[in-house]
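In listed order, ligands and their atoms are each counted from 1.
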Amino acid sequence: MRKRWLIGNWKMHGNLAANKALVDGIRERLPVLSESIDMVLCPALPYVSQMAGLVADTGIMLGAQNASDHLKGAYTGETSPMMLKELGCGFVIIGHSERRSYQGETDGLMGRKALAAIDSGLIPVICVGETAEERDSGRTHEVLGRQLDAAFGYIRTAHDEIIVAYEPRWAIGTGIAATPEIVQAEHAFLRARIAQRDADFAQRLTLLYGGSLKASNAESVFSMPDVDGGLIGSAALNADEFVAIYKALDNVVNKSAKDSAKKGQA
Ligand code: 13P
């Protein structure tokens, strides 16, 4: 069975006191993490060092929200993925739709960033997703396929650990999550697309859903067979909600373990 993941993208929120309160809140509600679910928190860049201290020895892992496609050099204002690695990050979100919309990031840049992240020892969390207009005009698969191919055109598959997050733009921050059926259909499409390159890797590939996930809708989405967890935005800023989402994922993992045990006995 694939490992499950819950990743919190804190976006441009937080400060020293709020970050500490949030990590403390998560730890109070969840003193021990499940062995089958990894938790990653992605704070705003200036707080990565503070967070490395806060999550030390907790089992919670650290990610960044963006990194340069270069490892070093004269790139004023950029952050090398090697620097993030040195500060304790294991992950970096690549190609988030907010960076595509507000910073004009392209498919090609996303691929180069993913490669630089891998070369620095980080696991890239590659985001793909269609706009409402693209979905309405029947172009969802064309867009997802193009975004995925652009990233995987730069990176090898077989040897690298890579996470892909399906985040439909119309579901991000809108309160309107994709239905479990839509999420499953698009995840199955993404896995099949990767299988054309490498069938074994496609089975191992972690596929997360993101977009208005909260405690009330998490379990139904996580129950879908091609969903390996979530990339959470606003609900990750609330310890109660975030831990409830983690527990929803844990319920799904436990249920499917029980089901497979029953099948084994039958
Ligand atoms: P929301 O959960 O706030 O919709 O954001 C999702 C997201 O963008 C995670 O990267």
Original post:
Is any NZ, NE, NH1 or NH2 atom of the basic residue among K255 and E219 found under 4.0 Å from an Asp or Glu carboxylate oxygen of the other?
Top reply: yes

Subject >> E134 with R169: basic N within carboxylate O range, under 4.0 Å >> reply: no

Original post:
Is it true that K214 lies under 4.0 Å from ligand 1, counting heavy atoms only?
Top reply: no

Original post:
Between G233 and ligand 1, is there a nitrogen or oxygen pair with a distance under 3.5 Å?
Top reply: yes

**OP:** For E78, look at atom CD and say whether over 12 heavy atoms of other residues, nucleotides or ligands are found less than 6.0 Å away.
**Re:** yes

Subject >> Atom of H187, atom of Y209 and distance for their closest heavy-atom approach >> reply: CE1-N, 3.7 Å

Original post:
Between D250 and R4, is there a salt bridge with N-O shorter than 4.0 Å?
Top reply: no

**OP:** May I ask you to identify, for N9, whether its side chain, its backbone, both or neither come under 4.0 Å of ligand 1 on a heavy-atom basis?
**Re:** side chain

Subject >> Heavy-atom nearest neighbour in the protein, as seen from atom 5 (O) of ligand 1, with distance rounded to 0.1 Å >> reply: K11 NZ, 3.2 Å

Original post:
Can you check whether T174 has an N/O within less than 3.5 Å of an N/O in ligand 1?
Top reply: no

**OP:** Run down the list E167, R169, E98 and name the one with the heavy atom closest to atom 7 (C) of ligand 1.
**Re:** E167

Original post:
What do you reckon, is NZ of K20 surrounded by more than 12 foreign heavy atoms closer than 6.0 Å?
Top reply: no

Subject >> D198 and R204 ion-paired at < 4.0 Å >> reply: no

Original post:
Short list, please: which atoms of ligand 1 are under 4.0 Å from a heavy atom of A171?
Top reply: 4 (O)

Original post:
Does A165 come within less than 4.0 Å of ligand 1, judged by its heavy atoms?
Top reply: no

Subject >> Ligand-side contact atoms (ligand 1) for residue partner G211, heavy atom cut-off under 4.0 Å >> reply: 4 (O), 6 (C)

Subject >> Distance-only donor-acceptor check, side chains E186 and H141, under 3.5 Å >> reply: yes

Subject >> Nearest atoms (heavy-atom pairs only) where H70 meets P81 >> reply: O-CD, 3.5 Å

Original post:
Below 4.0 Å from any atom of ligand 1, is there a heavy atom belonging to G173?
Top reply: yes

**OP:** For atom 3 (O) of ligand 1, grab the closest protein heavy atom and report residue, atom and distance to one decimal in Å.
**Re:** S234 N, 2.9 Å

Subject >> Proximal ligand 1 atoms for L231, defined as those under 4.0 Å from one of its heavy atoms >> reply: 9 (C), 10 (O)

**OP:** Under 4.0 Å, heavy atoms only, figure out whether ligand 1 is touched by the backbone of S97, its side chain, both or neither.
**Re:** neither

Subject >> Distance filter under 4.0 Å to S212 heavy atoms, resulting ligand 1 atoms >> reply: 1 (P), 2 (O), 4 (O)

